[in-house]
Amino acid sequence: MSLPQALGEALFDSLSTGTFVDVKFYAFSQRTPSGRVRCPKSLYANSHILQTVPYFRSLLSDGFSEGKLKDLRSPFPLDQPLEWDGHNCLDDSDLEEIEDNENLRVEIPGVTSDNLRSPLKSPVFGSGFCSPFLPQIPELGSTGAVSSICGTRSVGSDTHLGRVAVLRDISFVTLRAVLFFLYTGEITFAHPSAVGNRAQKSADARDFSASAKSIYLTADKYDIPELKTLALKWIRATIHTCDIMQELASDFTATFPEIREICLEQLASALCGADRANVTKNLMSAIRSSVRGDPDSTIDPETRGAIFDMLTNGYTPTSRIPYAAPTQSRPPDWSYLREALRKSLISGKFLDGQIRAYRGRSKAKKLTRPSSIYFSTASIPPVTMSAIGHESMTRPPSEHEYDSDSDLEGGEDEESKPYEVGVFRKVNIPPVAIMKYGSWNTWRATLYFVYSHKVSFAPIRSQNVTRLDSSELLPLGSCSPKSAFMLAEKTAVWRLRDQAREDLFKKITKENIMTEYFSKFANSHPSLLCAINDIVRKTRNAETDAIIRKKFVGSTGDDPHVSAALELFLQNMIDENNRRIIGRCSNCLRGYTALQQAKEGRCNICVGEPRNFRYF
């Protein structure tokens, strides 16, 4: 149950930086009968995830204009044309076919036709185009409060810096599907269509499907081998639904030898199939056009040679291989994060919640350095979101909630470090109440676990292990299993609670069990105290009895957490002794164990009286 590595790293960084969307793409979405490609639309992405693709890594480097930081709220760049000649685009290029006389406009979220200025004439756009340049565009805004403690990203005068690129070699629909694949590892291919018609698409806004041909071409150019393999499997599985002669004559088939091989396999099967008469007729018509030098013949020479070799060497039908999407193990609550990521590609909005928690504790035991953590509210299951927003989360914590394993950076001077609102102060999410339950590091680990179901636990203090910095333990951080257990119970993240409990008991050994037995943490959680108490009873020896006896004799009531463990232990001793009694004297009712019954033979109190047990 894991996320793609790049996505996990990007999500983890966003918790503290408040930034997830930092790249904006423009891709064109329409094509006219005259071959003009137009109507650029925006898509948003995370640069860390894009770095996994060599093409994007090079495109967004500092050496190109796309690598320079710009305001992501700004509209379509002035120096880029709004339409271009798209005759070289594939027939199945995912471009929407429109009429030449339809108005050209740039689609920007939050902008309607009433907002656009009157047509203008300029060297860049020509005449009759609507100006997309508006004084302010609410692309990256968000409305409504999440809860009493969760802020929202709102539109303001501050800029949202990132990198902007206009892509003319990929359609909007194809780019959207590719970006979603880079995020999630998931891809949906549209049903293949006849040449010249756009691939069939669902009207559902959640449909991120795209033409397998366009995906294959893009994966080949951008060097995404996993995506290229999936697209090839889909093409092989669905080639039987296409007009095989049109496919053989297409530029796409002429470009890729592996596609030509698939088409020839389908041609061989079609020549042996029920419709072989029509297939033979169409094949001979294509052959006739080729040998006569017909200018309308579109089959390239290499494909003609492959057809000749197939016919002269003989052919047999091939079995059809159905397409099987790769099975992936995802976190149980993956659907919430998946939907939030899908929406962020279109809207540019992902992080819309903020909490603040303390990072340190001074020598005077005062909590210091309240800092911000940013997250996507849509990615959090409702039950956890409700718990985070509950008023109890901002109440003063009780004493045991910040013990030695609290994840707080302890022992620092209050004046030594500045007050922090967040790592980046210009994030447009309003300040919120400080979470007085759970440290900053524990909150970060908990929210990342909600995203990814990944967590790394640090050693507990009683192990006497030097506590390494979180970056040394794991690139994605770590937290105390005790702190994680407490916060997971508060926020209803039950899987994290169970994992923290399991990790804690793995760290309890004979060297530290008595320390943990009398700790504030164990005595504040009855279920854990009972579990540790069972271990203590089963592993009792003279040393452990001496420690417990010393605690009992010296107990003054000043340590309530110690008294809870003592009471439980002594009650268990009473119960254990009672369980060993097998009978009582009929006169004085004194209890006897099996061992006493065998050795004594008579009651020690009623001396001389015959032994007479009344069993129960």
Could you state the interatomic distance from [atom1] ([X]) to [atom2] ([Y]), rounded to the nearest 0.5 Å?
X	Y	atom1	atom2	result
Arg163	Phe56	CZ	CZ	14.0 Å
Leu167	Phe172	CG	CZ	12.0 Å
Lys490	Ile388	NZ	CD1	13.0 Å
Leu3	Ser452	CG	OG	5.5 Å
Leu11	Leu337	CG	CG	5.5 Å
Gln499	Arg495	CD	CZ	9.5 Å

Can you check whether [Y]'s main-chain N or O pairs, donor with acceptor, with [X]'s side chain at less than 3.5 Å?
X	Y	value
Ser29	Cys39	yes
Thr229	Pro225	yes
Asn523	Tyr517	yes
Trp440	Arg356	no
Asp13	Ala10	no
Trp443	Tyr358	no
Gln463	Ile460	yes
Lys228	Ala219	no
Ser211	Asp94	no
Ser386	Val383	no

Check [X] against [Y] and note the closest heavy-atom contact, atom names and distance.
X	Y	result
Ser379	Tyr336	O-CB, 3.6 Å
Ala500	Phe457	CA-CZ, 3.5 Å
Gly353	Thr377	CA-CG2, 3.9 Å
Ala445	Cys479	CB-SG, 3.7 Å
Ala378	Ala340	CB-CB, 3.9 Å
Ala177	Ala210	CB-CB, 3.7 Å

Just wondering, do [Y] and [X] contact through their side chains at under 4.5 Å, heavy atoms?
X	Y	answer
Thr442	Ser480	no
Leu179	Tyr44	no
Asn512	Thr509	yes
Tyr26	Val164	yes
Met385	Phe375	yes
Val178	Ile215	yes
Phe350	Leu341	yes
Trp234	Ile187	no

Legend entry - Test applied, salt bridge (Lys or Arg N to Asp or Glu O under 4.0 Å); reference residue, Glu516; option that passes from Lys507, Lys510, Lys482: Lys482

Legend entry - Stacked cation flag Arg176 on Phe208, 6.0 angstrom / 45 deg: yes

Inset, instruction - Report the C-alpha distance between Arg501 and Asp498 in whole Å, list the side-chain angles of each, state the deciding distance to 0.1 Å, and finish with yes or no for salt bridge (Lys or Arg N to Asp or Glu O under 4.0 Å). - result: CA-CA 5 Å; Arg501 186 181 189 277; Asp498 295 342; over 6 Å; no

Legend entry - Candidate list Tyr451, Phe449, Tyr374, Tyr448, test ring-ring contact (aromatic ring centres under 6.0 Å, His included), partner Phe12, passing option: Tyr448

Legend entry - Partner of Tyr222 by ring-ring contact (aromatic ring centres under 6.0 Å, His included), out of Tyr216, Phe181, Tyr55: Tyr55

Legend entry - For Ser14, the option from Val21, Leu351, Leu447, Ile373 that meets side chain to side chain contact (heavy atoms under 4.5 Å, CB included): Leu351

Legend entry - With Val23, the side chain to side chain contact (heavy atoms under 4.5 Å, CB included) member among Ile49, Leu50, Leu43: Leu50

Inset, instruction - Could you walk me through whether Thr188 and Glu186 pass side chain to side chain contact (heavy atoms under 4.5 Å, CB included), step by step? - result: CA-CA 7 Å; Thr188 303; Glu186 299 176 8; over 6 Å; no

Inset, instruction - Indicate the ring-plane relationship of Phe521 and His525, choosing parallel, tilted or perpendicular according to the 30° and 60° boundaries. - result: tilted

Inset, instruction - Evaluate the criterion side chain to side chain contact (heavy atoms under 4.5 Å, CB included) for residue pair Phe189 and Ile235; output intermediate values, then yes/no. - result: CA-CA 9 Å; Phe189 297 109; Ile235 293 171; over 6 Å; no

Legend entry - side chain to side chain contact (heavy atoms under 4.5 Å, CB included) between Ser344 and Tyr183, intermediate numbers included: CA-CA 11 Å; Ser344 73; Tyr183 274 20; 4.1 Å; yes

